[in-house]
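Heads up, the thing below is written out as C-alpha cells.
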Amino acid sequence: CLPWYEFTFDTKVFRPGFIVTDDGRCGCSPDAIVNDDLGLEIKCPQGPAMIRYVVEGIVPKTYLPQIQFSMYVTGKPAWEFVAFHRHITPLVIRVPSDPTAQAAIATALASFLPQLDAAEAKVRALMPRGGRAEA
C-alpha cells in the first residue's frame, strides 16, 4: 500500500519504526511519516469491512485512539488514515489533532506512568544484584 500512496500523492514516505516521546516514557510505531506535519496509518481490511469504510466515509472509531496517540507521541498536527484493498477504491482521510483527545491521553499517562514506575520498582526489588532473575 505504501507504493500506491507514494505514487498517488507523488511523495516519498519514511518508515520510522518505533518513535518515543521526548521523555522516552511512551511511543508508537506509525506505518509511515509523510512529512514534518503528517503521519500515516494504513489498514488493509477485508472486502466487507472495506466496503463499509468507503460507504461511511469516516475513520472507524476503533482507530481514532491509535491515530490520536500517534499524534501525541510525534507532535504532528495531522495524520492520514488509509484503508486499502486492491479491488476497492481506497479511502484516505486526514485526521487533525483533537485537543480533547490529546488532553485525555496526557491525563491517562499522568495516572498510568507512576503506577508503572511503582510496579517496575517492585520487580527490581525482587531481582538479585545485577538485575538477573535466577532460574
Side-chain angles (χ1 to χ4, degrees):
C1 178
L2 283 177
W4 169 86
Y5 184 91
E6 290 178 323
F7 177 78
T8 300
F9 294 100
D10 191 26
T11 189
K12 283 285 185 193
V13 301
F14 171 66
R15 299 188 74 183
F18 194 72
I19 299 174
V20 296
T21 53
D22 289 341
D23 65 5
R25 297 301 312 253
C26 61
C28 67
S29 54
D31 291 325
I33 298 297
V34 179
N35 57 43
D36 289 343
D37 296 324
L38 186 64
L40 188 61
E41 184 61 39
I42 300 170
K43 302 297 180 188
C44 297
Q46 294 193 7
M50 182 67 187
I51 290 169
R52 183 170 31 87
Y53 294 177
V54 171
V55 168
E56 291 175 357
I58 59 173
V59 177
K61 289 181 182 180
T62 56
Y63 301 125
L64 288 173
Q66 177 185 10
I67 292 168
Q68 288 296 327
F69 186 74
S70 293
M71 285 186 271
Y72 178 87
V73 169
T74 63
K76 299 208 178 296
W79 216 258
E80 279 194 330
F81 171 80
V82 176
F84 185 86
H85 187 287
R86 65 184 180 157
H87 298 297
I88 301 170
T89 301
L91 176 67
V92 180
I93 298 174
R94 188 161 296 192
V95 179
S97 178
D98 175 354
T100 302
Q102 298 295 309
I105 291 167
T107 298
L109 286 171
S111 173
F112 171 73
L113 291 174
Q115 294 174 44
L116 177 63
D117 291 340
E120 287 178 338
K122 286 180 183 178
V123 170
R124 278 193 300 277
L126 296 173
M127 304 290 275
R129 276 191 113 144
R132 295 189 185 161
E134 296 179 15

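Bear in mind that the values here come from a model prediction, so they are computed numbers and not experimental data.
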*Going from CE on M71 to CG on L38, what distance comes out if it is rounded to the nearest 0.5 angstrom?*
9.5 Å

*asked:* Using every non-hydrogen atom in the two residues, find where L109 and P114 come nearest and quote the distance to one decimal.
replied: O-CD, 4.0 Å

*Please round to the nearest 0.5 Å and tell me the distance separating atom CG of L116 and atom SG of C26.*
10.5 Å

*Report the residues that fulfil side-chain contact (heavy atoms from CB on, under 4.5 Å) with F7, sequence neighbours left out, ordered by chain and then residue number.*
none

*In terms of heavy-atom contacts, does CG of D22 have more than 12 from other residues, nucleotides or ligands at under 6.0 Å?*
no

_More than 12 heavy atoms of other groups within 6.0 Å of R15 CZ_ = no

*Rounded to the nearest 0.5 Å, how far apart are CG of L91 and CD of E80?*
10.5 Å

*What's the spacing between I51 CD1 and Q46 CD if we round to 0.5 Å?*
11.5 Å

_Parallel, tilted or perpendicular, judged at 30° and 60°: which one describes the rings of Y63 and Y53?_
perpendicular

*Which heavy atom in K76 sits nearest to a heavy atom in I33, and how many Å separate them?*
CE-CG2, 3.6 Å

*Where V59 and I67 come nearest, the two heavy atoms and their spacing*: CG1-CD1, 3.9 Å

*In Å, rounded to the nearest 0.5 Å, how long is the span from SG of C1 to NE2 of H85?*
12.0 Å

_Parallel, tilted or perpendicular: rings of F69 and Y72 (30°, 60°)_ = parallel

*Mind checking whether M50 and T89 have side chains closer than 4.5 Å, heavy atoms only?*
no

*Pick from V13, I42, L40, I19: which one makes a side chain to side chain contact (heavy atoms under 4.5 Å, CB included) with P30?*
I19

*asked:* Is it the case that over 12 heavy atoms from other parts of the model lie below 6.0 angstrom from the CD atom of E56?
replied: yes

*Any chance you could measure W79, atom CH2, to S70, atom OG, to the nearest 0.5 Å?*
4.5 Å

*Salt-bridged, K122 to E120, with N to O below 4.0 Å?*
no

